[in-house]
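Right, one structure below, let's go through it.
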Amino acid sequence: MTDRNPYSPDAPIPARLRPAMEALGRVGRDLARRIARGPLDGRLDRTVGGNADGDAQKALDVLADAAFLAELRGTGIRWYASEEQDDVTELDPAGRLALAIDPLDGSSNIETNVSIGTIFSLREARDEGVASFLRPGHEQLAAGYIIYGPQCMMVVTFGDGVQDYLLDPATGLFTLVNTRLTIPEESAEFAINASNYRHWSKPVRAYIDDCIAGSEGPRAKNFNMRWIASLVAETHRILVRGGLFLYPRDARPGYADGRLRMVYECAPIALLIEQAQGRATDATTRILDKVPGSLHARTPFVFGSTSKVDRITAYHDLPEQEISALFGNRGLFRV
Ligand SMILES: O=P(O)(O)OC[C@H]1O[C@](O)(COP(=O)(O)O)[C@@H](O)[C@@H]1O
Ligand SMILES: [Mg+2]
Ligand SMILES: [Mg+2]
């Protein structure tokens, strides 16, 4: 067991980011053990408060946040921004990096033993904490996630392709598996929380109507739907198998910009997806070009195989009579 460096010797991690990446790996490894040991129900799953966004905070959210914050001290990080905290924390005034983190993604799944994760993003530190994060996502130096599932894996990009690592519980090492993951272009799967159907915009409804119409609709093809309610798990499936993810804006109070946060969730996942040859937008605009207005800002999020993401954008360009037509009459997309 290597205590300080949790990666196999062949891990191609840029030297400048290595101390921070090693700290992320160490905490990820500890969390994987902690989750595996349980018990999940009633302990790690217990509601202990609320975060800046008004979301319930579970014990595991708070425990993960505290563990990352403590371990990242002394690793070159000046600014630490967490989904679980209102403000940015200054870790090391001499540090040159800024780290944004969703310490525990998929909190609503904790007690059900479904995959959950951690999402992280590294940037250049600016003189001011918050300003370091209110920048376009294409400036990220690194982005990735750790998935706590049947296997614990880390998937990361340093701006030159996507690497994945598998944690070997026996040695405690994240072992390099691939250095250039790419998203399969062909897939018949889409992921969306369909219980919000009545709140969606017309283009999103039309797109999903056409998928559900299957071989009898304009797409003339059957589709399958998935919804895990864990962004990390959906991202992992799409990296492996292709497909489309949507968390659009909708008409519910508080959902004008969807649910997911730009700084902690969408920008890092978007960088990974683009580096894996996929596409990530807010339905019309590239996520990596958008500048969040505040630390906890949300954005609609659509990502996956390139042609599928482009098709959603095309539905937003349809004329009103076409988008309101019954799927059978939506001539533009008849194949
Ligand atoms: O419950 P909903 O509305 O389907 O939302 C599910 C989404 O919320 C999230 O759980 C939000 O992340 P957190 O668990 O970090 O708050 C995503 O992982 C997931 O995609
Ligand atoms: Mg999350
Ligand atoms: Mg979270």
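Along the sequence shown, residues are numbered consecutively beginning with 1.
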Please report the closest heavy-atom contact between [X] and [Y], naming both atoms and the distance.
X	Y	result
L288	A267	CD2-O, 3.7 Å
S115	G149	OG-CA, 3.3 Å
S132	R126	OG-N, 2.9 Å
P268	I119	CG-CG2, 3.6 Å

With a 4.0 Å cut-off on N to O distance, would you call [X] and [Y] a salt bridge?
X	Y	result
E124	R135	no
K290	D282	yes
D250	R198	no
D257	R249	yes

Starting from Y247, can I reach I238 by hopping between I/L/V/M/F/W/Y residues whose side chains sit under 4.5 Å apart?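 In one cluster: yes.
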Quick check: do I101 and L24 have side-chain heavy atoms less than 4.5 Å from each other?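 The answer is yes; the side chains approach within 4.5 Å.
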Partner set under side chain to side chain contact (heavy atoms under 4.5 Å, CB included) for N222, not counting sequence neighbours: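 Counting only residues at least two positions away or on another chain, N222 forms a side chain to side chain contact (heavy atoms under 4.5 Å, CB included) with S215.
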So, [X] and [Y]: side-chain donor and acceptor under 3.5 Å apart, yes or no?
X	Y	answer
D209	Y197	yes
T182	Q277	no
T75	E22	no

S107 and side chain to side chain donor-acceptor pair (under 3.5 Å): which single residue from D55, D45, D61 fits?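 So the option named by the test is D61.
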Steps toward ring pair (Phe, Tyr, Trp, His ring centres under 6.0 Å) verdict (F245, F303): CA-CA 5 Å; F245 172 97; F303 69 85; 4.8 Å; yes
What residues join W79 in its hydrophobic cluster, counting side-chain heavy atom gaps under 4.5 Å, either direct or through other members?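 V88, V130, F133, L134, V263, Y264, L295, all in the cluster of W79.
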Take the angle between the ring planes of Y207 and Y315 and call it parallel below 30°, perpendicular above 60°, tilted in between.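 Correct class here is perpendicular.
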With sequence neighbours excluded, tell me which residues meet salt bridge (Lys or Arg N to Asp or Glu O under 4.0 Å) with E111.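 Salt bridge (Lys or Arg N to Asp or Glu O under 4.0 Å) list for E111, sorted by chain: empty.
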